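Both counts, for ligands and for their atoms, begin at 1 and track the order of listing. The residues of the chain are indexed from 1 along the displayed sequence. Nothing here was measured: the structure is a model prediction, and the numbers come from that model.
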Amino acid sequence: MQEKNLVKIKDLFVEYKTNKGILGGKQTIHAVNGVSLDIHKGEILAIAGESGCGKSTLAKALIKLEPAKSGEILVNGKDILQLNKNDLKEFRKHAQMVFQNPYASLNPKMKILDILKEPLEINTNFSKEKIEEIVKEKIKLVGLDETCLQLFPHEFSGGQRQRIAIARALVLNPEFILADEPVSALDVSIQAQVINLLKELKEKYNLTIVLITHDMSVIQYLADRVAIMYLGEIVESGKTSDIFASPLHPYTKALLSSVPQINKSGKKIILKGDLPSPASLPQGCKFHTRCPNVMEKCKSCIPEEKGISHKVKCFLYD
Ligand code: SF4
(Lines give C-alpha, C1' and ligand atoms only; values in the text may rest on other atoms or scores of the structure.)
Protein backbone atom coordinates (compact mmCIF):
# COMPACT_ATOMS: atom_id res chain seq x y z
CA MET A 1 0.00 0.00 0.00
CA GLN A 2 1.30 3.48 -0.92
CA GLU A 3 1.91 5.59 2.24
CA LYS A 4 0.49 9.09 2.26
CA ASN A 5 3.16 11.75 2.71
CA LEU A 6 2.23 14.30 5.34
CA VAL A 7 5.54 16.15 5.15
CA LYS A 8 8.08 16.25 2.32
CA ILE A 9 11.42 17.88 3.11
CA LYS A 10 13.48 18.77 0.04
CA ASP A 11 17.17 19.69 0.14
CA LEU A 12 16.89 21.61 3.41
CA PHE A 13 19.79 23.68 4.75
CA VAL A 14 19.79 25.37 8.16
CA GLU A 15 22.68 27.39 9.49
CA TYR A 16 23.15 29.92 12.24
CA LYS A 17 25.88 32.12 13.72
CA THR A 18 27.41 31.68 17.16
CA ASN A 19 30.15 33.47 19.07
CA LYS A 20 33.61 31.94 18.77
CA GLY A 21 34.15 32.25 22.54
CA ILE A 22 37.58 33.48 23.69
CA LEU A 23 38.70 33.83 20.06
CA GLY A 24 36.05 36.50 19.51
CA GLY A 25 34.01 37.03 16.33
CA LYS A 26 31.24 34.86 14.88
CA GLN A 27 31.25 31.47 13.24
CA THR A 28 28.65 29.79 11.04
CA ILE A 29 27.22 26.50 12.29
CA HIS A 30 26.12 24.28 9.39
CA ALA A 31 23.48 22.39 11.35
CA VAL A 32 21.38 20.83 8.56
CA ASN A 33 23.03 20.14 5.21
CA GLY A 34 20.79 19.14 2.30
CA VAL A 35 18.25 16.94 4.09
CA SER A 36 15.52 15.35 1.96
CA LEU A 37 13.04 13.19 3.83
CA ASP A 38 9.38 12.13 3.73
CA ILE A 39 7.19 11.78 6.80
CA HIS A 40 4.22 9.46 6.25
CA LYS A 41 0.81 10.00 7.81
CA GLY A 42 0.26 7.89 10.93
CA GLU A 43 3.85 6.75 11.38
CA ILE A 44 6.49 7.23 14.02
CA LEU A 45 9.62 8.41 12.26
CA ALA A 46 12.75 8.54 14.40
CA ILE A 47 15.60 10.90 13.63
CA ALA A 48 18.67 9.53 15.34
CA GLY A 49 22.30 10.46 15.85
CA GLU A 50 24.79 11.74 18.41
CA SER A 51 24.37 14.98 20.26
CA GLY A 52 25.35 17.82 17.88
CA CYS A 53 24.37 15.94 14.68
CA GLY A 54 21.65 18.48 13.84
CA LYS A 55 18.56 16.41 14.67
CA SER A 56 17.00 18.92 17.07
CA THR A 57 17.67 21.80 14.65
CA LEU A 58 15.97 19.81 11.90
CA ALA A 59 12.95 19.26 14.18
CA LYS A 60 12.74 22.96 15.02
CA ALA A 61 13.05 23.90 11.34
CA LEU A 62 10.09 21.59 10.65
CA ILE A 63 7.83 23.85 12.68
CA LYS A 64 9.68 27.04 11.79
CA LEU A 65 11.12 27.58 15.26
CA GLU A 66 14.47 27.71 13.41
CA PRO A 67 14.68 29.55 10.07
CA ALA A 68 15.87 27.56 7.07
CA LYS A 69 18.56 28.92 4.76
CA SER A 70 17.15 27.13 1.71
CA GLY A 71 15.05 24.16 0.63
CA GLU A 72 11.38 23.26 0.94
CA ILE A 73 9.21 21.78 3.68
CA LEU A 74 5.93 20.72 2.11
CA VAL A 75 3.17 19.96 4.62
CA ASN A 76 0.10 18.56 2.86
CA GLY A 77 1.66 19.97 -0.31
CA LYS A 78 2.13 23.54 1.02
CA ASP A 79 5.65 24.95 1.52
CA ILE A 80 5.70 26.19 5.12
CA LEU A 81 8.87 28.19 4.48
CA GLN A 82 6.74 30.54 2.34
CA LEU A 83 3.89 31.06 4.84
CA ASN A 84 2.96 34.55 5.98
CA LYS A 85 2.40 35.36 9.67
CA ASN A 86 -1.31 34.43 9.68
CA ASP A 87 -0.82 31.18 7.76
CA LEU A 88 2.05 30.30 10.08
CA LYS A 89 -0.17 30.74 13.13
CA GLU A 90 -2.72 28.41 11.53
CA PHE A 91 0.00 25.87 10.65
CA ARG A 92 1.36 25.82 14.22
CA LYS A 93 -1.99 24.45 15.42
CA HIS A 94 -1.31 21.37 13.32
CA ALA A 95 2.27 20.79 14.44
CA GLN A 96 3.07 20.63 18.14
CA MET A 97 6.25 19.92 20.05
CA VAL A 98 6.98 17.90 23.19
CA PHE A 99 10.26 18.96 24.74
CA GLN A 100 12.92 16.92 26.50
CA ASN A 101 12.57 18.38 29.96
CA PRO A 102 9.06 18.32 31.45
CA TYR A 103 10.41 20.19 34.50
CA ALA A 104 11.24 23.24 32.36
CA SER A 105 8.48 23.08 29.77
CA LEU A 106 5.47 23.55 32.11
CA ASN A 107 4.92 26.95 33.75
CA PRO A 108 5.28 26.27 37.52
CA LYS A 109 2.89 29.11 38.41
CA MET A 110 -0.03 27.80 36.38
CA LYS A 111 -2.52 25.09 37.31
CA ILE A 112 -2.61 22.15 34.88
CA LEU A 113 -6.13 23.23 33.83
CA ASP A 114 -4.80 26.64 32.74
CA ILE A 115 -1.73 25.14 31.04
CA LEU A 116 -3.98 22.93 28.92
CA LYS A 117 -6.57 25.63 28.26
CA GLU A 118 -4.04 28.21 27.07
CA PRO A 119 -3.41 26.92 23.50
CA LEU A 120 -7.19 26.62 22.93
CA GLU A 121 -7.87 30.12 24.24
CA ILE A 122 -5.16 31.60 22.00
CA ASN A 123 -5.90 29.63 18.85
CA THR A 124 -9.66 28.95 18.77
CA ASN A 125 -12.99 30.68 19.35
CA PHE A 126 -14.40 27.76 21.34
CA SER A 127 -16.69 28.47 24.28
CA LYS A 128 -15.43 28.08 27.86
CA GLU A 129 -17.46 24.87 28.20
CA LYS A 130 -16.08 23.38 24.98
CA ILE A 131 -12.50 24.21 26.04
CA GLU A 132 -12.99 22.50 29.42
CA GLU A 133 -14.51 19.49 27.71
CA ILE A 134 -11.47 19.14 25.40
CA VAL A 135 -9.03 19.58 28.30
CA LYS A 136 -10.78 16.84 30.31
CA GLU A 137 -10.79 14.53 27.30
CA LYS A 138 -7.06 14.98 26.65
CA ILE A 139 -5.96 14.58 30.27
CA LYS A 140 -7.81 11.25 30.33
CA LEU A 141 -6.24 10.29 27.01
CA VAL A 142 -2.76 10.48 28.56
CA GLY A 143 -3.83 8.33 31.51
CA LEU A 144 -4.36 11.01 34.17
CA ASP A 145 -7.34 11.84 36.28
CA GLU A 146 -9.51 15.01 36.04
CA THR A 147 -8.53 15.89 39.62
CA CYS A 148 -4.98 16.59 38.30
CA LEU A 149 -6.32 19.70 36.58
CA GLN A 150 -6.52 21.64 39.85
CA LEU A 151 -2.87 20.94 40.78
CA PHE A 152 0.42 22.66 39.90
CA PRO A 153 3.33 21.04 37.97
CA HIS A 154 5.52 20.58 41.08
CA GLU A 155 2.91 18.20 42.49
CA PHE A 156 3.67 15.62 39.78
CA SER A 157 6.48 13.16 39.03
CA GLY A 158 8.64 13.57 35.90
CA GLY A 159 6.66 10.90 34.03
CA GLN A 160 3.33 12.53 34.93
CA ARG A 161 4.65 15.93 33.84
CA GLN A 162 5.66 14.51 30.48
CA ARG A 163 2.12 13.07 30.14
CA ILE A 164 0.78 16.57 30.83
CA ALA A 165 3.15 18.02 28.20
CA ILE A 166 1.84 15.45 25.72
CA ALA A 167 -1.78 16.34 26.64
CA ARG A 168 -0.96 20.01 25.99
CA ALA A 169 0.47 19.08 22.60
CA LEU A 170 -2.76 17.19 21.81
CA VAL A 171 -5.41 19.79 22.74
CA LEU A 172 -5.37 21.39 19.29
CA ASN A 173 -5.70 17.99 17.56
CA PRO A 174 -2.40 18.37 15.69
CA GLU A 175 -1.59 16.40 12.55
CA PHE A 176 1.87 15.68 13.84
CA ILE A 177 3.90 15.91 17.01
CA LEU A 178 7.62 16.45 17.27
CA ALA A 179 8.93 14.74 20.38
CA ASP A 180 12.50 15.86 21.16
CA GLU A 181 14.18 13.26 23.43
CA PRO A 182 10.83 12.83 25.25
CA VAL A 183 12.10 10.28 27.80
CA SER A 184 15.79 11.08 28.22
CA ALA A 185 15.23 13.36 31.25
CA LEU A 186 13.08 10.73 33.00
CA ASP A 187 14.07 7.94 35.39
CA VAL A 188 14.60 4.67 33.54
CA SER A 189 11.79 3.14 35.63
CA ILE A 190 9.19 5.51 34.18
CA GLN A 191 10.55 5.90 30.64
CA ALA A 192 8.59 2.83 29.49
CA GLN A 193 5.26 4.39 30.54
CA VAL A 194 5.78 7.45 28.34
CA ILE A 195 7.11 5.33 25.47
CA ASN A 196 4.02 3.10 25.67
CA LEU A 197 1.76 6.16 25.76
CA LEU A 198 3.29 7.48 22.50
CA LYS A 199 2.86 4.05 20.88
CA GLU A 200 -0.78 3.89 21.99
CA LEU A 201 -1.52 7.40 20.67
CA LYS A 202 -0.08 6.47 17.30
CA GLU A 203 -1.92 3.15 17.10
CA LYS A 204 -5.32 4.31 18.38
CA TYR A 205 -5.48 7.78 16.85
CA ASN A 206 -3.26 7.44 13.78
CA LEU A 207 -1.13 10.30 15.10
CA THR A 208 2.07 11.10 13.22
CA ILE A 209 5.08 11.44 15.51
CA VAL A 210 8.58 12.61 14.66
CA LEU A 211 10.79 11.26 17.41
CA ILE A 212 14.17 12.90 17.95
CA THR A 213 16.43 10.63 19.98
CA HIS A 214 19.91 9.19 20.42
CA ASP A 215 18.49 6.08 22.10
CA MET A 216 18.52 3.18 19.64
CA SER A 217 16.56 0.84 21.93
CA VAL A 218 13.69 3.37 22.14
CA ILE A 219 13.74 3.56 18.32
CA GLN A 220 13.67 -0.21 17.95
CA TYR A 221 10.58 -0.44 20.15
CA LEU A 222 8.70 2.61 18.92
CA ALA A 223 9.60 3.78 15.41
CA ASP A 224 8.21 2.52 12.10
CA ARG A 225 11.06 4.15 10.19
CA VAL A 226 14.35 5.71 11.14
CA ALA A 227 16.67 8.32 9.59
CA ILE A 228 20.27 8.31 10.85
CA MET A 229 21.85 11.76 10.91
CA TYR A 230 25.53 12.67 10.91
CA LEU A 231 26.80 16.25 10.74
CA GLY A 232 23.53 17.57 9.39
CA GLU A 233 23.03 14.90 6.70
CA ILE A 234 20.80 11.82 6.59
CA VAL A 235 23.29 9.00 5.93
CA GLU A 236 20.85 6.09 6.09
CA SER A 237 17.06 5.81 6.23
CA GLY A 238 14.38 3.17 5.92
CA LYS A 239 12.14 0.83 7.87
CA THR A 240 13.38 0.34 11.44
CA SER A 241 13.18 -3.45 11.07
CA ASP A 242 15.37 -3.37 7.90
CA ILE A 243 17.97 -1.04 9.36
CA PHE A 244 18.26 -2.89 12.64
CA ALA A 245 18.46 -6.27 10.85
CA SER A 246 21.06 -5.15 8.31
CA PRO A 247 22.59 -1.70 8.85
CA LEU A 248 24.61 -0.57 5.82
CA HIS A 249 26.35 2.70 6.72
CA PRO A 250 29.48 2.32 8.90
CA TYR A 251 28.12 5.01 11.25
CA THR A 252 24.81 3.17 11.75
CA LYS A 253 26.75 -0.05 12.40
CA ALA A 254 28.77 1.73 15.09
CA LEU A 255 25.66 3.24 16.71
CA LEU A 256 23.92 -0.15 16.84
CA SER A 257 27.01 -1.97 18.09
CA SER A 258 27.01 0.19 21.22
CA VAL A 259 23.60 -1.12 22.38
CA PRO A 260 24.00 -4.49 24.17
CA GLN A 261 20.32 -5.51 23.69
CA ILE A 262 20.72 -5.06 19.93
CA ASN A 263 24.32 -6.18 19.40
CA LYS A 264 24.17 -9.89 20.21
CA SER A 265 27.72 -10.51 18.89
CA GLY A 266 29.16 -8.35 21.67
CA LYS A 267 31.68 -6.79 19.22
CA LYS A 268 31.59 -3.06 19.77
CA ILE A 269 32.75 -0.67 17.04
CA ILE A 270 34.63 2.21 18.66
CA LEU A 271 34.81 5.28 16.45
CA LYS A 272 38.01 7.29 16.58
CA GLY A 273 37.88 10.95 17.54
CA ASP A 274 34.92 13.15 18.33
CA LEU A 275 32.17 14.49 16.11
CA PRO A 276 33.85 17.27 14.04
CA SER A 277 32.54 20.79 14.61
CA PRO A 278 29.59 21.71 12.38
CA ALA A 279 31.40 25.05 11.99
CA SER A 280 34.11 23.41 9.84
CA LEU A 281 32.67 20.42 7.99
CA PRO A 282 35.09 17.84 6.55
CA GLN A 283 35.47 17.68 2.74
CA GLY A 284 34.11 14.64 0.87
CA CYS A 285 32.09 12.17 2.95
CA LYS A 286 31.55 13.96 6.25
CA PHE A 287 32.11 10.72 8.15
CA HIS A 288 35.52 10.01 6.60
CA THR A 289 37.54 11.36 9.56
CA ARG A 290 36.08 8.61 11.79
CA CYS A 291 35.09 5.87 9.38
CA PRO A 292 36.68 2.42 9.91
CA ASN A 293 36.19 1.69 6.16
CA VAL A 294 37.51 4.98 4.76
CA MET A 295 38.93 4.90 1.20
CA GLU A 296 40.98 7.53 -0.61
CA LYS A 297 38.07 8.89 -2.63
CA CYS A 298 35.96 9.35 0.54
CA LYS A 299 38.27 12.24 1.51
CA SER A 300 37.38 14.37 -1.49
CA CYS A 301 34.18 13.03 -3.13
CA ILE A 302 30.67 13.16 -1.70
CA PRO A 303 28.67 9.91 -1.92
CA GLU A 304 25.19 10.03 -3.47
CA GLU A 305 22.17 8.47 -1.76
CA LYS A 306 21.44 4.99 -3.13
CA GLY A 307 18.49 2.67 -2.58
CA ILE A 308 19.55 -0.87 -1.61
CA SER A 309 17.03 -2.51 0.78
CA HIS A 310 16.80 1.00 2.16
CA LYS A 311 18.56 4.33 1.44
CA VAL A 312 22.24 4.86 2.25
CA LYS A 313 24.94 7.41 1.41
CA CYS A 314 28.24 5.54 1.22
CA PHE A 315 30.77 4.56 -1.51
CA LEU A 316 30.84 0.98 -0.19
CA TYR A 317 27.55 0.40 -2.06
CA ASP A 318 28.51 1.89 -5.46
FE1 SF4 B 1 33.10 5.51 5.17
FE2 SF4 B 1 33.70 6.22 2.70
FE3 SF4 B 1 31.31 5.20 3.24
FE4 SF4 B 1 31.95 7.64 4.05
S5 SF4 B 1 31.73 6.95 1.94
S6 SF4 B 1 30.94 6.10 5.22
S7 SF4 B 1 34.10 7.39 4.57
S8 SF4 B 1 33.28 4.16 3.41
* Residue pairs involving residues 228-237 (criterion side-chain hydrogen bond (donor to acceptor under 3.5 Å, both in side chains); sequence neighbours excluded) -> Y230-R290, E233-K286, E236-T252, E236-H310
* Asked: Taking the hydrophobic residues Ile, Leu, Val, Met, Phe, Trp and Tyr, and joining any pair whose side-chain heavy atoms are under 4.5 Å apart, which ones share a cluster with I29?
  -> Y16
* Electrostatic pair E90:K93 at N-O distance under 4.0 angstrom -> yes
* Closer than 2.8 Å to atom 2 (Fe) of ligand 1, which protein N, O or S atoms? -> C298 SG
Distance-only criterion, 3.5 Å: show the donor-acceptor pairs between side-chain atoms of residues 56-77 and protein atoms not counting sequence neighbours.
unit_1, atom_1, unit_2, atom_2, d
S56, OG, D180, OD1, 3.2
S56, OG, D180, OD2, 3.1
N76, ND2, E175, OE2, 2.8

* Asked: Can N5 and K41 be counted as having a side-chain donor-acceptor contact under 3.5 angstrom?
  -> no
* Go through the side-chain N and O atoms of T213 and D215 and say whether any donor and acceptor fall under 3.5 Å apart. => no
* **Contact atoms of ligand 1, heavy-atom distance to H249 under 4.0 Å** => 6 (S)
